[in-house]
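One is the number of the first residue; the rest follow in order along the sequence.
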Amino acid sequence: QVQLVESGGGLVQAGGSLRLSCAASGRTFSSFAMGWFRQGPGKEREFVAAISGSGGSTYYGDSAKGRFTISRDNAKNTVYLQMNSLKPEDTAVYYCAADRVAHVSPLYDYWGQGTQVTVSS
């Protein structure tokens with residue numbers, strides 16, 4: 001069982017930056033791949049980024065490439081999403097997720113409650 005708690009969301013102007021954090025419970029955090037997804041108003045849940053358990057492999061959705069960076073600190077049981085050059089279309093609830101394997105689809109076993117990111121123009 002893994003419990004995930006996101007933080008770091010908020011209101012930011014276009015062009016600004018935010019760093020999301022996702023803290024995980026449990027002693028086997030490094031055995032889990034972690035993913036970030038987002039869901040905007042009236043939209044389907046969209047893959048943003050994922051990282052392997054060791055942190056050695058990362059994956060990005062098209063909307064995140066070149067602007068967002070996923071990373072993890074296994075000693076702190078935390079995964080991060082650094083978001084730069086934010087755009088109004090990045091406005092969404094951002095969710096972190098955990099599973100034994102990194103997926104680009106929402107097939108993860110464990111999910112956080114989400115954190116709202118709002119980008120104003």
Side-chain angles (χ1 to χ4, degrees):
Q1 188 76 10
V2 177
Q3 292 184 329
L4 305 172
V5 179
E6 302 97 333
S7 62
L11 175 64
V12 63
Q13 288 188 331
S17 298
L18 280 176
R19 188 176 80 155
L20 305 183
S21 299
C22 174
S25 64
R27 296 176 292 176
T28 59
F29 179 68
S30 62
S31 67
F32 285 89
M34 301 296 294
W36 285 99
F37 289 76
R38 68 186 186 184
Q39 189 163 15
K43 298 182 180 180
E44 294 186 352
R45 194 162 293 192
E46 176 190 10
F47 171 70
V48 176
I51 188 167
S52 62
S54 66
S57 297
T58 56
Y59 313 87
Y60 293 94
D62 289 342
S63 62
K65 289 177 182 175
R67 299 188 300 129
F68 296 179
T69 302
I70 189 171
S71 62
R72 66 190 297 159
D73 185 339
N74 285 344
K76 295 183 178 180
N77 280 19
T78 301
V79 63
Y80 305 98
L81 184 68
Q82 177 67 44
M83 305 187 294
N84 299 328
S85 302
L86 283 162
K87 306 173 182 178
E89 50 263 45
D90 294 318
T91 295
V93 178
Y94 284 71
Y95 299 90
C96 73
D99 203 346
R100 294 294 183 179
V101 178
H103 306 286
V104 299
S105 57
L107 297 176
Y108 289 73
D109 284 342
Y110 304 101
W111 291 84
Q113 82 289 349
T115 186
Q116 176 70 47
V117 171
T118 302
V119 184
S120 63
S121 56

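Cation-pi geometry between R45 and F37 is not satisfied (NZ or CZ under 6.0 Å from the ring centre, within 45° of the ring normal). Relative to the six-membered ring of F32, R100 meets both conditions, a distance below 6.0 Å and an angle of at most 45° to the axis.
Note that CD of Q39 and CD of E44 are 8.5 Å apart. Values are rounded to the nearest 0.5 Å. For the atom pair OG (S31) and CG (D99), the distance works out to 10.5 Å, reported to the nearest 0.5 Å. Taking CD of Q82 as the start and CG of L18 as the end, the distance is 8.5 Å to the nearest 0.5 Å.
Minimum interatomic distance between L4 and C22 (heavy atoms only, all atoms of both residues): CB-SG, 3.8 Å. Listed here is the closest heavy atom pair of Y94 and A92: CD1-O, 3.4 Å. For the pair I51 and S71, the tightest heavy-atom approach, listed with the atom from each and the gap, is CD1-CA, 3.8 Å. Among all heavy-atom pairs drawn from E46 and S63, the shortest one is OE2-OG, 3.1 Å. Scanning all heavy atoms of the two residues, the minimum distance from V2 to S25 falls at C-OG, 3.9 Å.
Two different hydrophobic clusters hold M34 and Y95 under the rule that ILVMFWY side chains link at heavy-atom gaps under 4.5 Å. The hydrophobic cluster containing L20 does not contain F47, counting ILVMFWY residues as joined when their side-chain heavy atoms lie under 4.5 angstrom apart, directly or transitively. Cluster annotation: V48 is connected to V117 through the hydrophobic network of ILVMFWY side chains, with a link wherever side-chain heavy atoms come within less than 4.5 Å. In the hydrophobic cluster analysis, where Ile, Leu, Val, Met, Phe, Trp and Tyr join through side-chain heavy atoms closer than 4.5 angstrom, V93 is grouped apart from L81.
One N or O on the side chain of R67 and one on the backbone of S85 form a donor-acceptor pair closer than 3.5 Å. For Y108 (side chain) and H103 (main-chain N/O), a donor-acceptor pair under 3.5 Å exists by modelled atom type. Between the side chain of S57 and the backbone N or O of S52, no donor-acceptor pair lies under 3.5 Å. In this structure, the side chain of N74 does not engage the main chain of S54 through any donor-acceptor pair within 3.5 Å.
Counting heavy atoms of neighbouring residues, nucleotides and ligands inside a 6.0 Å radius, atom CD of E89 exceeds 12 of them.
Residues Y110 and Q1 are in side-chain contact: their nearest non-hydrogen atoms beyond the backbone lie under 4.5 Å apart. Y80 is not listed as a side-chain neighbour of T69, based on a closest heavy-atom distance of 4.5 Å or more. The shortest side-chain heavy-atom distance between T91 and R38 does not fall under the 4.5 Å cut-off. In this structure, Q113 and E6 have side chains that are in contact, with non-hydrogen atoms separated by less than 4.5 Å. A 4.5 Å side-chain heavy-atom check between W36 and V79 finds at least one atom pair inside the cut-off.
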- L86 and F68: side chain to side chain contact (heavy atoms under 4.5 Å, CB included), yes or no, with the steps? CA-CA 9 Å; L86 283 162; F68 296 179; 3.9 Å; yes

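Classification of D90 and K87 as a salt-bridged pair fails, no side-chain N sitting under 4.0 Å from a carboxylate O.
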